[in-house]
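Everything on this sheet refers to the single structure shown next.
Whatever order the structure lists them in is the order used to number ligands and atoms, beginning at 1.
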Amino acid sequence: MVSNMDIGRAMTIRLDPSLPEMPDFAPGIRRAPDRGFRLTEAQVKAALKNALRYVPEEHHEGLAPEFLEELKTRGRIYAYRYRPPGRIYARPIEQYKGNCIAGKAFQVMIENNLDFEVALYPYELVTYGETGSVCQNWLQYRLIKQYLEALTEEQTLVVMSGHPLGLFPSPFEAPRVIITNGLMVGLYDNHEDWEIAAQMGVSSYGQMTAGGWMYIGPQGIVHGTFNTLLSAGRLKLQIPADGDLGGRLFISSGLGGMSGAQPKAVEIAGGVGVIAEVDGSRIQTRLDQGWVNRATADLDEAFSLAGEAIVSKEPLSIAYHGNVVDLLEHAVSRDIKVDLLSDQTSCHAPYDGGYCPQGLSFEDRTSMLSKDRNRFKEFVDRSLRRHFELIRTLVGRGSYFFDYGNSFMKAVFDAGVKEISRNGHDEKEGFIWPSYVEEIMGPELFDYGYGPFRWVCLSGKSEDLVKTDRAAMFSIDPDRRGQDRDNYIWVRDAHKHNLVVGSQARILYQDAAGRVRIALKFNKMVRRGEIGPVMIGRDHHDVSGTDSPFRETANIRDGSNVTADMAVHCFAGNAARGMSLVALHNGGGVGIGKAINGGFGLVLDGSKEVDEIIKSALLWDVTCGVARRAWARNENSLSAGIDFNREYKGAGQMTLPYAVDEGLIDRVTEHQALLSSVPESERG
Ligand SMILES: NC(=O)c1ccc[n+]([C@@H]2O[C@H](COP(=O)([O-])OP(=O)(O)OC[C@H]3O[C@@H](n4cnc5c(N)ncnc54)[C@H](O)[C@@H]3O)[C@@H](O)[C@H]2O)c1
């Protein structure tokens with residue numbers, strides 16, 4: 001029988017054998033709500049053993065009751081005691097220990113995700129999106145960090161749902177880190193079964209860049225939100241190509257991790273936004289960061305401020321401290337003209353605290369969640385139904401509503417509003433209102449290959465960011481397409497808009513060719529010593545990264561929107577081509593079982609080898625999705641595919657679909673319908 005002594009001796013990399021002191025919890029830092037304790041006795045025993053297996057035996061007796069208490073009161077074992085005391089944040093790369101640049105670089109990335117300034121619930125390792133976690137607990141965090149310090153260029157760290165499985169020998173060309181999060185076997189691929197696995201400490205919700213270690217604060221979504229709002233204005237409000245949202249009103253909700261980008265984006269787009277937020281602390285954070293301009297708990301004041309800005313065509317963002325459903329009640333009863341309307345509550349997890357129901361304050365929501373989850377669910381369902389009614393009224397009066405990637409319409413459907421689905425009985429044919437991907441981001445951006453490329457200057461120097469901004473700007477031809485013009489203006493003005501929260505990072509929508517061009521330029525700058533090393537990556541919410549009929553692939557209409565082959569191929573192809581980190585997750589922004597999504601990180605160290613990875617992997621990372629979208633007959637991908645086949649003739653080719661005459665299909669199916677209406681006995 002193997003003893004614990006043998007186990008301890010068999011590992012050179014392991015947690016420090018001394019028991020850390022329980023750290024103080026800094027006042028004013030948001031804490032995750034109790035996730036609800038629902039394990040059977042056998043599952044509780046397994047959960048305790050699962051957490052204790054990271055720790056030498058001499059501490060088990062002391063830690064077992066402490067971990068049980070955490071499980072019962074918070075619905076998870078976070079192992080708070082193992083959180084290193086003090087502030088965790090992205091420091092300059094040279095301050096980290098490590099045997100290779102990637103090992104140090106990923107410590108920068110992880111610590112940024114856990115920064116008090118950046119993370120939603122830093123003590124519970126949640127970066128954003130209510131439940132999006134770096135890993136499950138502080139035991140895993142400590143071990144991951146030790147592995148990253150030890151990692152060499154001939155090893156790969158494997159992380160399964162936050163658990164570092166170990167360091168394994170691998171060639172120099174292989175990824176240094178491979179991550180999966182929340183992947184479930186099909187039969188159990190639903191929120192309920194996943195929740196049990198999470199409570200038992202064997203699965204983690206990585207969202208996208210939380211568990212993929214590539215989060216860059218709310219800036220990560222500002223550019224996409226800015227593009228979405230401007231494009232919505234052009235498509236639905238007849239705003240000219242060179243115009244902005246001056247004098248137009250946008251209403252939405254949420255000032256959290258991602259949603260907090262909305263006020264900044266609407267202001268950059270020149271419009272007026274009123275954003276409801278139930279949690280006062282999140283409003284304060286955004287006010288302190290300069291991401292929202294004004295705040296009030298008075299609806300009349302909110303709309304009078306908005307009204308003045310609309311008349312003067314001045315950009316303005318206003319946080320309304322209260323429930324979005326109350327805000328909409330007010331807009332409907334006062335007949336206020338709302339141009340653009342959306343929602344960004346965490347509706348991918350409405351019953352876990354992501355959606356605060358009308359009639360409950362934020363504090364009441366937190367307390368009811370821990371005391372009576374069934375009653376909480378009734379409140380949520382009732383509120384979502386009312387929310388739906390109000391949106392329907394506003395749409396009837398001319399507002400353009402779009403689902404903003406938070407599974408809002410799915411949540412309304414699950415709350416019992418069957419009429420929100422197009423076919424009235426399930427979600428397979430989508431919902432009565434478009435998602436932003438269906439009408440805006442899909443056709444206008446993803447289909448061409450434009451997506452949320454990003455980079456982090458690992459030196460931590462803001463001057464490096466300024467240099468990279470300029471280099472990126474000069475890589476864009478603003479006269480090629482409208483999208484290029486928007487991107488050019490975005491990066492030209494990015495520094496002025498003061499977007500950095502946490503690490504020195506930038507988001508910039510780019511297509512495949514643009515990403516390759518910019519990355520090669522950055523790598524050359526690193527080689528010449530003009531800047532320190534750079535991490536490039538992207539949001540999983542991208543052209544090829546995510547399969548989700550509820551979001552990223554909502555504008556794919558050949559029936560393959562329910563498949564997840566693309567995201568998995570993108571991940572595998574990136575690993576094969578030598579990205580430094582590859583990640584594959586379940587859930588993302590819409591919830592377990594509703595999306596498979598992946599991302600990557602590539603460390604630009606200035607080497608020629610990295611130039612080659614950029615040319616093959618970065619190209620693959622985008623063209624995989626363009627090829628799939630083209631095969632689904634998406635018009636703009638077809639033209640991007642033809643361009644690709646011309647440019648890469650002899651080196652690569654996408655399979656492109658022949659168009660089929662609709663009239664022919666109608667005639668054949670009519671004939672078929674006619675045949676089936678004739679009784680078999682009468683057929684010739
Ligand atoms: N569109 C995208 O590209 C995109 C990207 C990432 C995430 N998302 C999705 O958007 C949602 C929001 O993400 P996040 O990171 O901001 O989450 P978050 O949980 O940090 O923020 C949501 C905010 O909504 C507030 N809220 C909840 N119910 C409310 C109500 N009824 N009225 C007013 N405020 C309410 C919460 O207090 C919270 O601050 C998630 O579902 C996420 O998956 C979308």
Side-chain angles (χ1 to χ4, degrees), residues 30 32-33 118-121 126-132 205-210 215 217-218 220-229 251-262 265 274-286 319-329 342-350 352-363 365-366 379-380 383-384 386-387 390 402-408 410-411 435-437 440-441 445-446 451-452 507 539-542 545-546 548 550-552 554 585 587-592 594-595 597:
R30 277 182 298 274
V118 173
L120 177 60
Y121 304 129
V126 171
T127 304
Y128 71 96
E130 187 58 35
T131 49
Y205 199 79
Q207 256 273 2
M208 294 191 152
T209 52
Y215 188 65
I221 201 184
V222 182
H223 193 189
T225 311
F226 161 82
N227 277 334
T228 303
L229 291 176
I251 286 190
S252 187
S253 58
L255 290 175
M258 292 276 112
S259 48
Q262 295 176 105
V274 183
I275 316 294
E277 170 56 65
V278 284
D279 179 357
S281 80
R282 291 181 221 215
I283 295 180
Q284 196 52 51
T285 302
R286 296 302 174 212
Y320 162 62
H321 186 186
N323 200 297
V324 65
V325 186
D326 295 333
L327 180 80
L328 297 184
E329 300 270 13
S342 195
D343 181 86
Q344 227 177 335
T345 56
S346 273
C347 266
H348 69 280
D352 290 333
Y355 180 86
C356 181
Q358 186 182 30
L360 291 186
S361 67
F362 182 66
E363 292 69 28
R365 151 270 196 200
T366 308
F379 266 75
V380 168
S383 180
L384 282 168
R386 182 68 191 141
H387 202 152
L390 292 163
F402 57 96
D403 180 296
Y404 200 29
N406 60 340
S407 236
F408 172 77
K410 170 77 172 107
S435 80
Y436 71 120
V437 176
I440 306 166
M441 198 168 261
L445 297 169
F446 287 170
I507 176 127
D539 196 350
H540 298 196
H541 171 59
D542 196 0
T546 299
S548 173
F550 303 102
R551 215 163 84 172
E552 287 78 358
H585 300 178
V590 288
I592 290 289
K594 298 182 196 127
N597 61 97

[X]: numbered ligand 1 atoms lying under 4.0 Å from its heavy atoms:
X	value
Cys347	41 (O)
His541	3 (O)
Asn323	30 (C), 31 (N), 32 (N)
Ala276	33 (C), 34 (N)
Tyr128	15 (O)
Tyr436	1 (N), 2 (C), 3 (O)
Gly589	41 (O), 42 (C), 43 (O)
Met258	5 (C), 6 (C), 7 (C), 13 (O), 14 (P), 15 (O), 16 (O)

What about [X]: any of its N or O atoms under 3.5 Å from an N or O on ligand 1?
X	value
Tyr404	yes
Asp279	no
Cys356	yes
Ser253	no
Pro357	no

Taking [atom] as the reference point, the nearest protein heavy atom with its distance:
atom	result
atom 20 (O) of ligand 1	Gly257 N, 2.9 Å
atom 41 (O) of ligand 1	His348 ND1, 2.7 Å
atom 9 (C) of ligand 1	Gly405 O, 3.6 Å
atom 24 (O) of ligand 1	Gly254 CA, 3.5 Å
atom 36 (C) of ligand 1	Glu277 OE2, 3.4 Å
atom 34 (N) of ligand 1	Val278 N, 3.4 Å
atom 19 (O) of ligand 1	Ser346 OG, 2.8 Å

Nearest-0.5 Å distance that lies between atom CG in Asp352 and atom OG1 in Thr131: 7.5 Å

Atom pair CZ (Arg551) and CG (Asp403), whose distance is rounded to the nearest 0.5 Å: 9.0 Å

Nearest heavy-atom pair of [X] and [Y]: which atoms, and what distance?
X	Y	value
Asn597	His540	OD1-ND1, 2.7 Å
Thr209	Tyr128	N-OH, 3.1 Å
Ala554	Val437	N-CG1, 4.3 Å
Arg365	Leu360	CA-CD1, 4.0 Å
Ser361	Cys356	O-SG, 4.0 Å
Leu120	Glu130	CD2-N, 3.4 Å

Taking a cutoff of less than 4.0 Å between a non-hydrogen atom of the residue and any ligand atom, is [X] in contact with ligand 1?
X	value
Gly322	yes
Gly354	yes
Gln207	yes

Under the 3.5 angstrom rule, does the side chain of [X] hit a backbone N or O of [Y] as a donor-acceptor pair?
X	Y	answer
Thr366	Pro33	no
Thr225	Ile221	yes
Gln262	Ser253	yes
His321	Asp279	no
Asn323	Pro357	yes
Tyr215	Asp539	no

Heavy-atom distances under 4.0 Å decide this one: backbone, side chain, both or neither, for [X] against ligand 1?
X	answer
Ile221	side chain
Leu120	side chain
Ser383	neither
Gln344	both
Arg551	side chain

Trace of the side-chain hydrogen bond (donor to acceptor under 3.5 Å, both in side chains) decision for Ser252 with Tyr404: CA-CA 10 Å; Ser252 187; Tyr404 200 29; over 6 Å; no

For atom 35 (C) of ligand 1, the option (of Asp326, Asp403, Thr345, Val324) bearing the nearest heavy atom: Thr345

Aromatic centroids of Phe550 and His348 separated by under 6.0 Å: no

side-chain hydrogen bond (donor to acceptor under 3.5 Å, both in side chains) between Glu552 and His541, worked out: CA-CA 7 Å; Glu552 287 78 358; His541 171 59; 2.6 Å; yes

